[in-house]
Amino acid sequence: MDDIIIGAVALVAVLLFFLYQKPKTKRYKLPPGPPRLPVIGNLHQLQTTNPQRFFYGWAKKYGPIFSYEIGCKTMVVISSAELAKELLKTQDVNFADRPQHRGHEFMSNGRSDMALNHYTPFYREVRKMGMNHLFSPTRVATFKHVREEEAKRMMDKINKAAEKSEPVDISELMLTFTNSVVCRQAFGKKYNEDGKEMKRFIEILYGSQSVLGKLFFSDFFPFTGYVLDDLTKLTAYMKECYVKQETYVEEIIDETLDPNRVKPETESMVDLLMQIYKDQPFSFEFTINNVKGVIMDIVVAGTDTAAAAVVWGMTYLMKYPQVMKKAQAELREYMAQRGSTFATEDDVKNLPYFRALVKETLRIEPVIPLLIPRACIQDTKVAGYDIPAGTTVNVNAWAVSRDEKYWGPNPDEFRPERFFEKDVDFKGTDYEFIPFGSGRRMCPGMRLGAAMLEVPYANLLLNYNFKLPNGMKPEDINMDVMTGLAMHKSEHLKLVPEKVRK
Ligand code: HEM
C-alpha cells in the first residue's frame with residue numbers, strides 16, 4: 001500500500017515539476033556528468049554503500065570535476081588535488097557555506113551550531129572561539145589523562161579475551177573508548193560502559209548521526225518532497241531523534257547549572273560553553289540553543305571518527321602483515337627502552353614509523369571521505385565550468401588521496417613508507433592529503449581527533465599480536481563502508497589477541 005501511495009505522489013511530483021520547472025540551468029556550462037532522467041535526475045544511480053568509490057568511478061569516466069542531479073538540484077564532485085586546492089584555498093570563501101538539508105536544519109534548531117551553520121558573521125565568531133578555547137592545544141592537553149585512562153580500560157578488556165584466546169570486537173571496543181572519552185571531555189561524565197546511561201547516550205548519538213546522513217526528498221523535490229518525507233516516515237523518525245537528543249542535552253545543561261553538582265576534575269566543554277553563555281562575549285547573542293548546537297557538534301563529529309580510523313588501520317594491518325611487524329617492532333623496541341608497557345601521547349611523538357602509519361591510515365581510508373558538503377555562495381567558474389550559486393559541492397578526499405599524479409601508480413597499496421619519501425601532513429596545506437578537510441571549514445577538532453586515535457592504536461600494536469578468527473583469511477575481510485557522517489567499516493572487525501608479555 002505504501003508503495004502505491006509513494007508511486008502516486010511521485011507521479012504528481014513529476015507533473016508539478018514539469019509545470020513549474022524553468023530551464024534555469026540551460027545557460028550554464030556545467031561540469032560533465034552522467035546522463036540524467038527527467039525529474040529524478042541521477043537519483044536512481046546513487047549508491048548508499050561506498051559512495052566515495054562510486055564517485056571515484058564517475059570521476060574516472062567524466063573527469064576530476066563532474067556534476068549530477070537529484071530532482072531540482074545540481075551537485076558537483078571534485079576528485080583531484082589541484083581542484084581541491086582551487087576550491088578549498090583559492091575560492092575558499094565562496095565555498096564556505098553548507099547546503100540546504102532538512103535534517104541538519106531541524107536537528108540543530110535552525111542551524112544554531114557550528115558545523116552545519118551557514119557562513120555567517122555569527123558562525124565566524126563561534127568558530128574563532130572554538131579554535132581559541134574549545135579545541136586549543138591547551139584544552140586538548142588537559143584531557144590527556146582521560147584518553148590514557150580510557151585506553152587502559154580498553155586494554156583490560158582485551159587482556160581478559162587474550163587469556164582465553166577469544167576474539168574481541170575491535171569496532172565495538174573502539175566505539176566504547178571514544179564514547180567514554182567524549183562523554184568525559186564534553187560533559188565531565190564518567191558512565192559505566194555497559195550501563196543504562198551509556199546505552200541511552202549511544203542510542204541518541206546514532207539517531208542524530210543517522211538523521212544527518214539521510215537524504216530528504218523535500219530538499220530536492222519542491223512541493224511533493226515533504227509528502228514523500230512523511231510517507232516514508234522520515235519526518236517522524238527525525239522528530240523522534242530530535243526529541244531524544246534535546247531531552248538529553250537539556251538534562252546535561254541543567255546538571256551543569258545545579259549549584260550542588262560535584263564538579264568534574266577538569267572543566268568540561270559544556271562548562272566552558274555555559275560560561276560563554278553567561279559572559280556573552282560576542283557581538284551576537286549566544287543562546288542556549290547555540291550551547292546545545294555546539295555540544296552536539298562535538299559529540300557527533302568527535303565520537304566515531306577516531307574509532308572508525310583505528311578500525312580501518314587495524315583492518316589494513318591484517319592485510320599487510322609486514323607493515324604490522326614493522327610498526328610493532330618500532331613500538332616494542334622504543335617502549336622496552338623506556339621500561340613501560342603503555343605508550344603515552346608523548347611516546348607516540350617519538351615514533352616516526354607509527355606516525356607515518358597514522359597518516360597512511362587516514363590517507364587510504366579518510367573517515368569522512370566526501371568531507372562535509374559545501375555550498376557555493378555566488379556564481380563562479382571552476383576548471384572552466386560554471387558553478388551556479390547554491391550548488392552543493394563535495395570534495396572526494398578518498399579519490400584525492402589516490403590521485404596518481406601525487407601518490408604514484410599504486411595508490412591502493414597500504415605503505416606508510418610513502419610518508420618518508422614525501423613530506424606531507426594532514427594540516428590542510430597539502431591538498432593531496434586532506435582527511436581533516438582544509439580552509440575555513442576545516443576540522444577544528446583535528447588535534448583532538450589525532451590524539452584520540454593515536455593512543456589506543458599504538459597500545460593495540462604494542463601489547464598484542466592479532467589473528468583473524470575461525471581460519472578467516474585477510475582477503476576474506478569485507479571492506480564495505482557503512483554510510484553516515486563518518487564512514488565505518490560496515491562489518492565489525494573481530495580479531496583474536498595474543499598478549500605479547502604474559
Ligand atoms: C580522526 C578524527 C577526525 C576526522 C578525520 C575529522 C574530519 C573532519 C572533516 C573531514 C571535516 C569537514 C571539513 C571540511 O568540510 O573541509 C570535519 C569538520 C568538523 N569536525 Fe572533525 N574530524 C575528526 C575529529 C573531530 C573531533 C574530535 C571533533 C570535536 C570534538 C571534530 C569537530 C568537527 C567540527 C565541529 C567540524 C565542522 C567545522 C565547520 O564546519 O566549521 N572533529 N572534521
Side-chain angles (χ1 to χ4, degrees), residues 52 78 84-85 87-89 92 95-99 104 108 111 113-120 122-131 133-136 139-140 143 146-147 174 177-179 181-187 212 268-270 272-273 293-313 358-359 361-375 392-398 400-401 426-428 431 433-457 485-488:
Q52 76 287 21
I78 297 289
K85 182 172 180 186
L87 203 92
L88 304 174
K89 184 176 183 202
D92 185 20
F95 286 99
D97 204 8
R98 297 281 187 222
H104 293 183
S108 63
R111 302 198 191 235
D113 70 330
M114 182 198 304
L116 308 173
N117 215 314
H118 289 298
Y119 190 61
T120 59
F122 174 78
Y123 160 81
R124 293 196 283 274
E125 281 200 50
V126 174
R127 164 120 186 164
K128 206 161 144 198
M129 174 281 293
M131 298 307 283
H133 300 286
L134 272 180
F135 308 114
S136 69
R139 189 155 294 268
V140 174
F143 294 118
V146 170
R147 295 184 290 270
M174 275 308 302
F177 165 82
T178 48
N179 284 333
V181 169
V182 164
C183 284
R184 287 178 71 183
Q185 292 177 156
F187 316 136
L212 300 183
S268 71
M269 289 171 162
V270 72
L272 173 78
L273 289 168
V294 177
I295 274 295
M296 280 318 289
D297 280 350
I298 293 168
V299 168
V300 172
T303 312
D304 51 358
T305 35
V310 175
V311 172
W312 282 119
V358 169
K359 287 184 187 171
T361 302
L362 291 169
R363 181 196 71 83
I364 204 142
E365 292 296 342
V367 291
I368 309 189
L370 299 170
L371 306 187
I372 303 179
R374 309 282 183 110
T392 299
V393 183
N394 272 109
V395 176
N396 189 348
W398 192 92
V400 166
S401 62
F426 47 61
K427 293 185 181 145
Y431 293 87
F433 182 45
I434 44 170
F436 292 96
S438 170
R440 282 173 169 74
R441 303 278 334 205
M442 184 179 168
C443 176
M446 179 186 74
R447 269 191 217 91
L448 190 58
M452 277 170 71
L453 76 88
E454 282 170 355
V455 166
Y457 200 2
L485 183 67
M487 305 261 186
H488 288 273

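For reference, positions follow the sequence shown, starting with 1. Whatever order the structure lists them in is the order used to number ligands and atoms, beginning at 1.
In this structure, atom 1 (C) of ligand 1 lies nearest to the protein heavy atom L453 CD2, 3.8 Å. Closest to atom 16 (O) of ligand 1, if we only count protein heavy atoms, is R374 NH2, 2.5 Å. Of the protein's non-hydrogen atoms, the one nearest atom 12 (C) of ligand 1 is I372 CG1, 3.6 Å. The protein heavy atom nearest to atom 13 (C) of ligand 1 is R441 O, 3.3 Å. Atom 40 (O) of ligand 1 has as its closest protein heavy atom R98 NH2, 2.7 Å. Regarding atom 7 (C) of ligand 1, its nearest protein heavy-atom neighbour is P435 O, 3.5 Å.
In this structure, the side chains of F187 and V299 come closer than 4.5 Å at one or more pairs of heavy atoms. Contact annotation: the side chain of S438 never approaches that of K89 to less than 4.5 Å [non-hydrogen atoms, C-beta and beyond]. Side-chain contact between V140 and R147: present, with at least one pair of heavy atoms (C-beta onward) separated by less than 4.5 Å. Within the 4.5 Å cutoff, no side-chain heavy atoms of L448 are placed close to those of R139. In this structure, M114 and I298 have side chains that are not in contact, with every pair of non-hydrogen atoms separated by 4.5 Å or more.
Note that R124 lies in the cation-pi zone of Y119, set by a 6.0 Å cut-off to the ring centre and a 45° limit from the axis. Geometrically, R111 does not engage Y123 in a cation-pi contact, judged by NZ or CZ lying under 6.0 Å from the ring centre and within 45° of the ring axis.
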**Request:** Please assess V358 against E454 for the test side chain to side chain contact (heavy atoms under 4.5 Å, CB included), listing each intermediate value before the final yes or no.
**Result:** CA-CA 7 Å; V358 169; E454 282 170 355; 4.2 Å; yes
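The closest approach between any non-hydrogen atom of S438 and ligand 1 is below 4.0 Å. The shortest separation from a heavy atom of M269 to ligand 1 is not under 4.0 Å, leaving the residue out of contact.
The atoms of ligand 1 that sit less than 4.0 Å from any heavy atom of L448 are 30 (C). Those atoms of ligand 1 with a heavy atom of I298 less than 4.0 angstrom away are 30 (C). Counting atoms of ligand 1 from 1 in the listed order, those under 4.0 Å from a heavy atom of V367 are 5 (C). Close approach of ligand 1 to R127 is summarised as follows: ligand atoms under 4.0 Å from at least one heavy atom of the residue are 38 (C), 39 (C), 41 (O).
The residue among Y123, F426, F135, Y119 with a heavy atom at the shortest distance from atom 29 (C) of ligand 1 is F135.
Just one of V300, D113, N117, L212 meets the side-chain contact (heavy atoms from CB on, under 4.5 Å) condition when paired with S108; it is D113.
Heavy-atom neighbours of K359 NZ from other residues, nucleotides or ligands within 6.0 Å: above the threshold of 12.
For the pair R98 (side chain) and P373 (backbone), a donor-acceptor distance under 3.5 Å is present.
Closest approach of A186 and I295 over heavy atoms only: O-CD1, 4.2 Å.
For atom 21 (Fe) of ligand 1, the nearby protein N/O/S atoms, meaning those under 2.8 Å, are C443 SG.
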